[in-house]
Amino acid sequence: MLLGCAPGLAAGLALVLCAEGIGATVGAAVRADPVRPAVGHQAPRPRILPRSAWMDDDTRRAQPPPRYDDRVVAVFVHHTDSPNGYDCADVPRIIRYLYAGQTGSRDWDDIGYNFLVDRCGTIYEGRAGGVDRPVTGAHTQGFNHRTAGIAALGTFTAGVPVPKAMTDAIAALAAWKLGLSDTDPRTQVRLTSSNSHSRYAAGTSVAFPALAGHNEGYMTSCPGAALTARLPEIRQLAARLQGRNP
């Protein structure tokens with residue numbers, strides 16, 4: 001299977017990462033702080049399948065302990081730039097391919113995305129560290145801190161239908177995750193670039209939508225024009241799920 005956004009998995013598979021802006025985490029100290037108590041608007045936690053749903057002993061690699069930020073105030077939405085016609089029962093194998101490519105040829109310490117969502121609306125835990133904790137991901141070069149990466153499995157360029165089950169799941173996940181810091185998905189938040197390979201020089205403070213596309217932080221077409229066009233309604237649904245007024 002050719003996965004256009006999965007890095008190389010083995011000889012003979014030319015699997016290309018959907019954007020070079022997915023990068024390893026840097027500069028975050030390991031913290032054991034518990035998640036802060038939720039305040040204000042919080043959505044219910046959606047069903048999230050654990051890493052054990054896709055990880056197996058043949059794929060698993062040794063890795064260092066996860067790194068944490070103090071909270072998550074923004075999410076970046078991605079697509080994996082891989083085929084759309086998959087059977088949802090086959091998703092664990094697809095995620096193993098993504099993991100193997102990122103930890104193999106690229107030598108990352110783990111899969112970069114915090115979460116992955118398939119076309120049937122199933123949410124999977126990606127990067128290790130605890131889904132309810134502010135795990136520092138490796139999904140948006142320069143802006144991995146205080147953010148979570150949600151990857152939509154598929155390719156969503158202009159004109160490609162985006163399944164409603166998928167967008168509903170992304171909204172539910174973002175509503176819950178941002179609710180832990182009482183962040184309105186429709187607002188803007190300020191993040192500081194940690195890497196000049198992003199759209200912004202290191203040290204630059206940038207205002208982003210709290211629910212943003214990968215292309216807001218890096219020079220890429222990810223998450224694709226079709227999914228990017230759906231982000232405004234995903235923000236609105238996420239806000240409603242948090243109990244916020246229109």
Side-chain angles (χ1 to χ4, degrees), residues 3-5 18-19 22 41-49 53-54 72-92 94-95 98 112-127 131 137 139-140 147-180 183-189 208-218 220-246:
L3 298 179
C5 185
C18 69
I22 299 175
H41 300 83
Q42 185 178 14
R45 171 176 160 170
R47 181 170 180 258
I48 302 170
L49 296 187
W54 57 267
V72 168
V73 299
V75 297
F76 282 98
V77 177
H78 305 258
H79 71 172
T80 55
D81 201 16
S82 51
N84 292 333
Y86 54 85
D87 187 321
C88 289
D90 200 35
V91 167
I94 296 172
I95 298 176
L98 291 166
Y113 310 114
N114 298 98
F115 303 96
L116 302 100
V117 179
D118 70 18
R119 66 187 185 90
C120 296
T122 305
I123 302 170
Y124 290 84
E125 176 186 13
R127 197 169 183 84
V131 296
H139 53 85
T140 303
T147 70
I150 301 175
L153 285 163
T155 301
F156 299 104
T157 50
V160 175
V162 185
K164 183 178 185 298
M166 174 178 277
T167 57
D168 285 352
I170 292 172
L173 178 57
W176 168 71
K177 194 66 178 177
L178 292 174
L180 296 176
T183 301
D184 187 334
R186 303 165 301 182
T187 194
Q188 288 200 327
V189 297
F208 286 108
L211 198 161
H214 184 191
N215 52 6
E216 301 257 8
Y218 189 76
T220 177
S221 62
C222 182
L227 184 50
T228 297
R230 300 292 297 277
L231 293 183
E233 67 186 75
I234 293 173
R235 292 185 190 107
Q236 292 296 330
L237 176 55
R240 289 199 301 273
L241 291 171
Q242 287 185 344
R244 298 182 187 273
N245 294 326

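Just so it is clear, the values below take in all heavy atoms, side chains as well, and ignore hydrogens, waters and symmetry mates.
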Any donor and acceptor pair, going by atom type alone, linking the side chain of Q42 with main-chain N or O of G179 inside 3.5 Å?
-> no

When rounded to the nearest 0.5 angstrom, what is the spacing between [atom1] in [X] and [atom2] in [Y]?
X    : Y    : atom1 : atom2 : answer
L153 : H79  : CG    : NE2   : 11.5 Å
R235 : T187 : CZ    : OG1   : 11.0 Å
I95  : E125 : CD1   : CD    : 10.5 Å
N114 : H78  : CG    : NE2   : 8.5 Å
T122 : I48  : OG1   : CD1   : 12.0 Å
L173 : L178 : CG    : CG    : 9.0 Å

A side-chain contact here means heavy atoms from C-beta on lying under 4.5 Å apart; do [X] and [Y] qualify?
X    : Y    : value
T183 : K177 : no
L237 : D168 : yes
I170 : R230 : no
N215 : S221 : no
I123 : R47  : no
Y86  : C120 : no
Y124 : D118 : yes

Between [X] and [Y], which heavy-atom pair has the shortest distance, and what is it?
X    : Y    : answer
A43  : L241 : CB-O, 3.4 Å
A171 : A238 : O-CB, 3.5 Å
A74  : P209 : CB-O, 4.5 Å
P246 : R186 : C-NH1, 3.6 Å
A239 : D184 : CB-OD1, 4.0 Å
A158 : A225 : N-CB, 3.8 Å

Option passing side chain to side chain contact (heavy atoms under 4.5 Å, CB included) with V160 (candidates L227, N84, T155) |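 When side chain to side chain contact (heavy atoms under 4.5 Å, CB included) is applied between V160 and each of L227, N84, T155, only N84 qualifies.
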
Do V91 and L116 pass the side chain to side chain contact (heavy atoms under 4.5 Å, CB included) test, and can you show the C-alpha distance, the side-chain angles, and the key distance before you say yes or no?
-> CA-CA 10 Å; V91 167; L116 302 100; over 6 Å; no

How are the rings of W176 and F115 set to each other: parallel, tilted or perpendicular (split at 30° and 60°)?
-> perpendicular

Judged by modelled atom types alone, do H139 and T147 share a side-chain donor-acceptor pair under 3.5 Å?
-> yes

Could you pull out all residues at least two apart from Q188 that satisfy side-chain hydrogen bond (donor to acceptor under 3.5 Å, both in side chains)?
->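 Applying side-chain hydrogen bond (donor to acceptor under 3.5 Å, both in side chains) to Q188 gives none.
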
